[in-house]
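Note that this is a predicted model, so its numbers are computed, not measured. Every chain is numbered from 1, with letters handed out A, B, ... down the list of sequences.
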There are 2 protein chains.
Amino acid sequence: MTLKDLAKELGLSPTTVSRALNGFPEVSEATRKRVVAAADAYGYRPNMRARSLATGRAMAIGHVLPLSSEHEMMNPVFADFVAGAGEIYAKAGYDMLISIVAEAEQARAYEEFKHKGSVDGIIVHAPRMGDPRINLITEVDIPFVVHGRASQSDVPYSWVDMNNQRAFQRATTHLLDLGHRRIALVNGLENMDFAIRRRRGFEAAHEARGVPHDDSLKFSGEMTEQFGHDTTRALLARPDAPTAIISSSMIPGIGIRRAIREAGLEMGRDVSVIIHDDDLSYLPNGGDEPLFTATRSSVRDAGRRAARMLLDIITSGDTTPRTDLLEAELILGPSTGPAPVAARMTDIS
Amino acid sequence: MTLKDLAKELGLSPTTVSRALNGFPEVSEATRKRVVAAADAYGYRPNMRARSLATGRAMAIGHVLPLSSEHEMMNPVFADFVAGAGEIYAKAGYDMLISIVAEAEQARAYEEFKHKGSVDGIIVHAPRMGDPRINLITEVDIPFVVHGRASQSDVPYSWVDMNNQRAFQRATTHLLDLGHRRIALVNGLENMDFAIRRRRGFEAAHEARGVPHDDSLKFSGEMTEQFGHDTTRALLARPDAPTAIISSSMIPGIGIRRAIREAGLEMGRDVSVIIHDDDLSYLPNGGDEPLFTATRSSVRDAGRRAARMLLDIITSGDTTPRTDLLEAELILGPSTGPAPVAARMTDIS
DNA sequence: CTGAAAGCGCTAACAC
DNA sequence: GTGTTAGCGCTTTCAG
């Protein structure tokens, strides 16, 4: 059933039918009712490809994420972000196109998106420090919003991001105010933008409280359980072991828990641990475990906001860069001051 | 730069240029070379919408997942599956469309996909027992492949799935052969197809070895850490506590570990635990923890296979249902026979 | 081997 | 208010 068929059935011209269906003002209410009823009855669905070709709008948004981040904490985060964005697109009648592209082919990917005309806008995921993609996509001249930020980028651009610095500053301050003076930071690789901001927050908290921060307590690596485990093991074996640890993500957090247990220590009593997780839904805080604290914010909401921002840019045509910084919702749970860690250790070989 | 522009530049007709670019045989090698070179030089990219309209092929695949499964173990699994599928699509020049649709709107979603002409085929995720979507989509008459299976469906359909029954049968057999006689199963909700199959495998192993399986040792619930924790806690408090536990997923597995530790027991010594995870990359088995065993298979590979299957169905036009059952790659790690659990327990209040 | 012409299904001037 | 006429950019008969 095409528009033409429907028009023939109704004894009208395709134009009128089109206008009636698309809510143009110049069609009479009577005809509109007839047309809509008939369209409904015949189960008519406009062909988007044809409409796209005629209007120039694809009614689709592309999400691009670099293949290289497949083993980062990106995986679950990405899924949630996309779910949130998808919600908004669905409401607005847009489709969502996902493409996972190797670093080297990013430039081509954007160009293709543009020239193939398959999307009206793009969401860029997992930016690095000074990510070259920002420049690439700006040149291609297609509306886009970055999920996260890319420090040191020389061109202005639109983004939606969590306030990573603030979240870590608050978490760190919390520990400092409890009396902790040696706090370790288990962070992601510093080529990821968020990792740098988190470290800055960690340091800022120290500076604000006049407590020196020891570089030998700051670690950055791939966010695996192994990394959390080994780092913590080594930390606890030191004569100047920290009394608290802040983990940048859930996964190394699991390793941290394990290492603490292996050392014969107890979380929340001997060592305070804060595990930051962008979306706690994966690892609900059991409550009865002495897991010290956790920070929380909704990635899904970030997805929704990014989608709304992009759609607005597209429909308004106003491409002046806009930004949206989401405050993390911190859950700073059952707390305790510093304990003489080293004294309580049994065997960590 | 459109085909017409390019043709004009070359002093050829659009037809010839099209044929040259699309590898039709009747064009001379000389012209083809010229055309290809020019296309390259000008950075010409065919407009997919126009091509789609002309050919009737959308060159895109839709992935539909029900909104209801957002809090299932679906999240990370979905991300990986999609990454694998995306790889194949990219190579074949297809786009990937994702839509997250509420249960109630599934029927309409498929119809829209079909009539809007935005995709050539669909991948259905997270099927339930006798999932009605299978019938819906079959009626709509668009090629599709199901990721997982929906038992009790009356129509035949194509699917790619893990051999969940076999994986759990093997894991259970492993424990039985070590001498365990009371094994608990911490499983997902049984409206999910895989949960049922896993239980069947668990039971089949017992039957094959002539060991009775106790219904009071089988649990099914939402796969949260809390569920794993509470179940294990209660299990260990029983006078007839099991000597081994099999967990259907990583997340409750974390709770299981915690409950065992809280009970003053040690995994792999006092209680043998097998945590099944479709993709261990999220929780690398540390190796030095007495985590007993784990099963492993690549969700990403399943995504690749499903994508290939669907593309083949589409291009060949042969819609006779095909199936692909992937064997899980089991890692049945450091093992131990049963220990008198109850005797070793300290305090679990 | 190449080109002219028609059309995919829809929208958007421009008339009436 | 409604219809007519051109396209959107590409593929595909059908001629030559």
Side-chain angles (χ1 to χ4, degrees), chain A residues 1-36 38-39 42-60 93 95 111-120 315, chain B residues 1-36 38-39 42-60 93 95 111-120 315:
Chain A
M1 174 63 59
T2 73
L3 191 76
K4 210 197 271 177
D5 297 337
L6 189 60
K8 205 161 285 171
E9 287 302 329
L10 285 163
L12 288 170
S13 80
T15 319
T16 306
V17 176
S18 169
R19 285 197 274 238
L21 258 24
N22 291 302
F24 278 64
E26 62 270 67
V27 67
S28 84
E29 263 320 305
T31 2
R32 166 162 293 136
K33 282 222 170 89
R34 256 182 72 215
V35 172
V36 170
Y42 289 105
Y44 165 75
R45 299 258 188 278
N47 180 314
M48 291 309 288
R49 299 183 300 230
R51 175 182 288 180
S52 273
L53 189 56
T55 60
R57 281 166 305 141
M59 294 305 283
D95 284 332
E111 266 207 2
E112 279 205 349
F113 259 157
K114 163 91 176 196
H115 292 286
K116 294 202 311 184
S118 30
V119 304
D120 299 319
T315 53
Chain B
M1 173 64 61
T2 74
L3 190 76
K4 210 197 274 178
D5 298 337
L6 189 60
K8 204 161 287 169
E9 286 305 327
L10 286 162
L12 286 170
S13 80
T15 319
T16 306
V17 175
S18 170
R19 285 199 274 240
L21 257 24
N22 290 300
F24 280 63
E26 61 269 64
V27 67
S28 83
E29 261 322 303
T31 0
R32 164 161 295 134
K33 282 225 170 85
R34 254 183 73 215
V35 171
V36 170
Y42 289 105
Y44 166 75
R45 300 260 187 278
N47 180 314
M48 289 311 287
R49 296 183 302 226
R51 174 182 286 178
S52 271
L53 190 57
T55 59
R57 282 167 302 140
M59 295 304 284
D95 284 331
E111 267 207 1
E112 280 205 347
F113 259 158
K114 163 90 175 198
H115 291 286
K116 293 202 309 184
S118 28
V119 303
D120 299 318
T315 53

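A:Leu53 places its CG atom 13 Å from the P atom of C:dC8, with the value rounded to the nearest Å. C:dA15 atom P lies 16 Å from atom CD of A:Glu26, rounded to whole Å. The distance between atom NZ of A:Lys4 and atom P of C:dG7, rounded to the nearest whole Å, is 8 Å. Rounding to whole angstrom units, CG of residue A:Asn47 and P of C:dC8 are separated by 12 Å. When the C1' atom of C:dC8 is taken as reference, atom CE of B:Met48 falls 15 Å away, rounded to whole Å.
If you check distances only, the side chain of B:Arg19 does reach the base of C:dG3 with a donor-acceptor pair under 3.5 Å.
Rounding to the nearest 0.5 angstrom, the gap separating the OG atom in A:Ser52 from the CE atom in B:Met48 is 12.0 Å. Between the NZ atom of A:Lys116 and the CZ atom of B:Arg45 there is a distance of 9.5 Å, given to the nearest 0.5 Å. The structure places CG of B:Asp120 at 7.5 Å from CE of B:Met59, a figure rounded to the nearest 0.5 Å.
B:Thr315 pairs by the side chain to side chain donor-acceptor pair (under 3.5 Å) definition with nothing, not counting sequence neighbours.
Residues from residues 6-18 of chain B placing a heavy atom under 4.0 Å of any atom in DNA chain D, listed by number, are B:Thr15, B:Ser18.
A donor-acceptor pair under 3.5 Å links the side-chain atoms of B:Arg34 to the main chain of B:Leu10, judged by distance alone. Within the 3.5 Å criterion, the main-chain N or O of A:Phe24 finds a donor-acceptor partner in the side chain of A:Arg32. In this structure, the side chain of B:Thr55 engages the main chain of B:Arg51 through a donor-acceptor pair within 3.5 Å. A distance-only check finds no donor-acceptor pair linking the side chain of A:Arg49 to the backbone of B:Arg49 [under 3.5 Å].
In this structure, of C:dA13, C:dC10, C:dG9, it is C:dC10 that holds the atom nearest to the side chain of A:Arg51.
No contact: A:Ser52 has no heavy atom under 4.0 Å from any strand.
Annotation: of the two residues near DNA chain C, A:Arg49 and A:Arg57, the 5′-most nearest-nucleotide partner is A:Arg49.
Screening B:Thr31, B:Asp5, B:Val36, B:Val35 for a side chain to side chain contact (heavy atoms under 4.5 Å, CB included) involving B:Val17 leaves a single residue, B:Val35.
Running 5' to 3' along DNA chain D, contacts with non-hydrogen atoms of chain A at under 4.0 Å begin and end at D:dG1 to D:dG9.
Listed pair A:Tyr44 / C:dG9 fails the phosphate criterion, with no side-chain N or O lying under 4.0 Å from OP1 or OP2.
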